[in-house]
Amino acid sequence: MTIVITAFEQSPDGGKGLARDTRVRWALEEVGLPYEVRLVSLCAMKEAEHLAIHPFGQIPTYEEGDLALFETGAIVFHIAERHAGLLPVDESERARAIMWMFAALSTVEPPILELAHAKLLEGDQPWSRERLPLVRDRVRDRLRQLSARLGEADWLDGAFSAGDLLMVSVLLRLKPSGLLDEFANLAAYAARGEARPAYQRAFAAQLAINAPMP
Ligand code: GTB
């Protein structure tokens with residue numbers, strides 16, 4: 001059955017791979033599943049046809065036959081549960097990998113998103129300069145904790161898993177801020193994720209759509 005995901009017709013990041021279709025592409029590449037992409041404009045996202053699949057009018061979505069999913073966590077979990085390569089077979093190890101998926105999306109990503117919003121959406125507010133250091137410190141706090149847990153390990157808990165895929169995806173959003181480089185082991189961890197052939201293919205596929213015209 002053909003898998004179809006949606007992505008920005010033109011990603012605002014110009015192909016840096018920060019939009020969330022990249023993590024879905026990455027998961028599909030890790031398990032070796034072919035997929036097609038339906039590009040959606042910012043306007044079309046808010047129209048009935050897309051809203052029938054994604055009630056919040058966002059990308060990415062995932063369609064496979066009669067099944068339509070939204071939310072990258074649910075999509076990556078769906079892929080990982082059904083295909084070898086992203087979740088361990090051992091029950092306890094699998095539960096811990098799923099725990100890291102949740103940790104990435106519910107504990108580490110929120111302060112990172114807050115920082116992105118503080119810069120992009122609130123940067124022109126008179127109070128923004130005063131607030132920004134506070135928001136950056138909240139990100140630092142989470143990174144410090146994550147860095148302490150990761151230590152010198154390659155991945156969060158044994159072999160690479162969907163937990164690492166989501167955690168690395170979340171951390172990559174921080175690259176332009178310089179905050180990731182304050183934690184050498186996290187910067188190396190994110191680079192290890194980026195170096196995976198499956199990530200490279202996912203990145204190249206989204207870049208082919210979004211790269212600025214020369
Ligand atoms: N929780 C949802 C999920 O994980 O699937 C969040 C989905 C989401 O935020 N989608 C964004 C979207 O559709 C695109 S990825 N936004 C349009 C809208 O809400 O109207 C977020 C994103 C956008 C742009 C950049 N960038 O330019 O750097 C990075 C990330």
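Given the structure is predicted, the values throughout are model-derived calculations rather than measurements.
Taking all atoms of both residues into account, the shortest heavy-atom contact from Gly193 to Val168 is CA-CG1, 4.1 Å. In this structure, Ala104 and Val170 approach most closely via the heavy-atom pair O-CG2, 3.8 Å. The minimum heavy-atom distance between Leu69 and Ala74, with the atom names listed, is CD1-O, 4.4 Å. The heavy-atom pair separating Phe56 from Leu51 by the smallest distance is C-CD2, 4.3 Å. For the pair Arg25 and Ala7, the tightest heavy-atom approach, listed with the atom from each and the gap, is NH2-CB, 4.0 Å. Across all non-hydrogen atoms, the minimal contact from Val139 to Pro111 is CG2-O, 3.4 Å.
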Report all side-chain donor-acceptor pairs from residues 207-214 shorter than 3.5 Å, counting only partners two or more places apart or in another chain.
unit_1	atom_1	unit_2	atom_2	d
Asn210	OD1	Ser11	N	2.7
Asn210	ND2	Gln206	O	3.1
Asn210	ND2	Gln206	OE1	3.4

Residues 119-126 side chain polar contacts: donor-acceptor under 3.5 Å, at least two apart:
unit_1	atom_1	unit_2	atom_2	d
Glu122	OE1	Arg131	NH1	2.9

Could you go through residues 83-93 and list every donor-acceptor pair under 3.5 Å that involves a side-chain atom there, pairing it with any protein atom two or more places apart or in another chain?
unit_1	atom_1	unit_2	atom_2	d
Asp90	OD2	Ser92	N	3.1
Asp90	OD2	Glu93	N	2.9

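A side-chain donor-acceptor contact under 3.5 Å links Ser177 to the backbone of Leu174. Side chain of Asn185 to backbone of Glu152: no donor-acceptor contact under 3.5 angstrom is found.
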From CA spacing to verdict: salt bridge (Lys or Arg N to Asp or Glu O under 4.0 Å), Asp141, Arg144: CA-CA 5 Å; Asp141 286 344; Arg144 193 171 298 115; 3.1 Å; yes
Begin from the C-alpha positions of Met45 and His54 and carry the test side-chain contact (heavy atoms from CB on, under 4.5 Å) through to its verdict. CA-CA 8 Å; Met45 268 178 224; His54 199 313; over 6 Å; no
Decide yes or no on side-chain contact (heavy atoms from CB on, under 4.5 Å) for Phe160 and Arg192, but give the supporting numbers first. CA-CA 10 Å; Phe160 176 83; Arg192 255 190 308 280; over 6 Å; no
Walk me through it: do Leu67 and His78 pass the test side-chain contact (heavy atoms from CB on, under 4.5 Å)? CA-CA 11 Å; Leu67 177 70; His78 174 78; 3.3 Å; yes
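Atom CG of residue Asp21 and atom OH of residue Tyr35 lie 8.0 Å apart, to the nearest 0.5 angstrom. Expressed to the nearest 0.5 Å, how far CD1 of Ile5 lies from CD1 of Ile59 amounts to 8.5 Å. One distance of note links CZ of Arg149 with CG of Leu156; it measures 9.0 Å at 0.5 Å rounding. The CD1 atom of Ile112 sits 12.0 Å away from atom NE2 of His117, with the distance rounded to the nearest 0.5 Å. Taken from CG in Leu150 to CD in Gln145, the straight-line distance is 13.5 Å, to the nearest 0.5 Å. The distance from atom CG of Leu146 to atom OG1 of Thr107, rounded to the nearest 0.5 Å, is 10.5 Å.
Side-chain contact between Ile3 and Leu33: present, with at least one pair of heavy atoms (C-beta onward) separated by less than 4.5 Å. Under the 4.5 Å side-chain criterion, counting only non-hydrogen atoms from C-beta, Arg94 is in contact with Glu81. For the pair Val108/Leu166, no side-chain contact is recorded, criterion being any heavy-atom separation below 4.5 Å from C-beta on. The shortest distance between side-chain heavy atoms of His50 and Thr61 falls below 4.5 Å. Between Met101 and Met167, every side-chain heavy-atom pair lies at or beyond the 4.5 Å cut-off. Side-chain contact between Trp155 and Leu165 is absent, with no heavy-atom pair separated by less than 4.5 Å. In this structure the side chain of Thr22 never reaches within 4.5 angstrom of the side chain of Ser169, judged on heavy atoms. Between Trp26 and Val76 there is no side-chain heavy-atom pair separated by less than 4.5 Å.
No continuous path of ILVMFWY side-chain contacts below 4.5 Å connects Leu179 to Leu134, so the two sit in separate hydrophobic clusters. No continuous path of ILVMFWY side-chain contacts below 4.5 Å connects Phe70 to Phe102, so the two sit in separate hydrophobic clusters. By the criterion of side-chain heavy atoms lying less than 4.5 angstrom apart, applied directly or through intervening Ile, Leu, Val, Met, Phe, Trp or Tyr residues, Leu132 is grouped together with Leu180 in one hydrophobic cluster. Leu113 and Leu105 fall into different hydrophobic clusters, where Ile, Leu, Val, Met, Phe, Trp and Tyr side chains are chained together by heavy-atom contacts under 4.5 Å. With hydrophobic clusters built from ILVMFWY side chains whose heavy atoms lie under 4.5 angstrom apart, Leu18 does not share a cluster with Val37.
Considering Leu39, Leu42, Asp13 as possible partners of Phe8, the one that fulfils the side-chain contact (heavy atoms from CB on, under 4.5 Å) test is Leu42.
Among residues at least two apart or in separate chains, salt bridge (charged side-chain N to carboxylate O under 4.0 Å, His left out) pairs with a member in residues 155-176 are Arg96-Asp157, Lys175-Glu194.
In terms of the ring-ring contact (aromatic ring centres under 6.0 Å, His included) criterion, Phe183 has no residue partners (sequence neighbours excluded). Checked against ring-ring contact (aromatic ring centres under 6.0 Å, His included), Phe77 has no partners two or more places apart in sequence or in another chain.
Under a 4.0 Å N-O distance rule, the pair Arg138/Glu114 does not qualify as a salt bridge. Between Glu109 and Arg23 there is a salt bridge, since at least one side-chain N of the basic residue sits less than 4.0 Å from a carboxylate O of the acidic one. The residues Glu29 and Arg196 are annotated as not salt-bridged, no charged nitrogen and carboxylate oxygen being separated by less than 4.0 angstrom.
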